[in-house]
Amino acid sequence: QVRLVESGGGVVQDGDSLRLSCVASGRTSDSGAMGWFRQAPGKEREFVATIDYSGGYTGYADSVKGRFTISRGSSRYTVDLQMNSLKPEDTAVYYCAARRYSNTATSEGAYDYWGQGTQVTVSS
């Protein structure tokens with residue numbers, strides 16, 4: 001089993017930046033590509049960004065492209081999400097996810113492990 005713990009959420013103003021981090025522990029040999037998803041109140045969870053096992057390939061939702069950057073941290077089992085130019089519509093619970101395969105994926109069903117989520121609130 002892989003355990004994922006997110007950190008870095010908070011309350012910020014429109015246009016501010018925030019950096020989320022996710023650390024994987026446990027059976028990390030099962031942790032390949034990783035991703036971030038988010039769920040706003042009353043909406044379904046949606047894909048935000050993904051990064052492959054090596055950190056060489058990334059993918060983004062159109063709504064965050066150019067504003068958010070996903071990267072591997074100091075350890076291969078850490079993934080960060082740098083969020084710039086935040087907007088009120090970015091308000092959501094952000095979830096870290098990991099999958100057993102090395103390649104990136106944008107669908108929820110492709111991921112095997114999930115964190116508990118961290119709240120990001122952007123006020124106007």
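This structure is a prediction, so every number in the text was calculated from the model and none was measured. As a basis for the values below, the full set of heavy atoms in this structure was taken, side chains included, without hydrogen atoms, waters or symmetry mates.
- R76 places none of its side-chain heavy atoms less than 4.5 Å from the side chain of T28.
- Judged by distance alone, the side chain of E6 and the main-chain N or O of G117 form a donor-acceptor pair under 3.5 Å.
- Under the 4.5 Å side-chain criterion, counting only non-hydrogen atoms from C-beta, R100 is in contact with Y113.
- Residues T118 and S7 fail the side-chain proximity criterion, which asks for heavy atoms closer than 4.5 Å.
- With hydrogens and angles disregarded, a donor-acceptor distance shorter than 3.5 Å links the side chain of Y111 to the backbone of A105.
- Counted by atom type alone, Q82 and N84 present one or more donor-acceptor pairs between their side chains at under 3.5 Å.
- Between K65 and D62 a salt bridge is recorded (basic side-chain N to carboxylate O distance below 4.0 Å).
- Within the 4.5 Å cutoff, the side chain of S71 has heavy atoms near those of the R19 side chain.
- Within the 4.5 Å cutoff, the side chain of M83 has no heavy atoms near those of the R67 side chain.
- For the residue pair S102 / D52, no side-chain donor-acceptor distance below 3.5 Å is found, with atom types taken as modelled.
- Dense packing is recorded around CD of E89, with more than 12 heavy atoms of other residues, nucleotides or ligands lying under 6.0 Å away.
- The same ILVMFWY cluster, assembled from side-chain heavy atoms under 4.5 Å apart, contains both I51 and Y60.
- Side-chain atoms of V79 and I70, non-hydrogen and from C-beta on, do get closer than 4.5 Å to each other.
- Interatomic distance, CZ of R99 versus OG1 of T104, reported as 7.5 Å (0.5 Å rounding).
- Open room surrounds OH on Y53; 12 or fewer heavy atoms of other groups in view lie less than 6.0 Å from it.
- Side chains of F68 and L86 form a contact here, defined as non-hydrogen atoms less than 4.5 Å apart.
- Contact annotation: the side chain of Y57 never approaches that of N103 to less than 4.5 Å [non-hydrogen atoms, C-beta and beyond].
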Test side chain to side chain contact (heavy atoms under 4.5 Å, CB included) applied to M34 and V2, step by step: CA-CA 12 Å; M34 297 181 75; V2 176; over 6 Å; no
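- Using bins of under 30°, 30° to 60° and over 60° for the plane-to-plane angle, the ring pair F47/F37 lands in the perpendicular bin.
- Judged by distance alone, with hydrogens and angles left aside, the side-chain atoms of T50 form no donor-acceptor pair with the main-chain N or O of W36 at under 3.5 Å.
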Side chain to side chain contact (heavy atoms under 4.5 Å, CB included) between T91 and Q119, intermediate numbers included: CA-CA 8 Å; T91 294; Q119 177 70 47; 4.0 Å; yes
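- When atom types are taken as modelled, the side chain of R3 and the backbone of G26 share no donor-acceptor pair closer than 3.5 angstrom.
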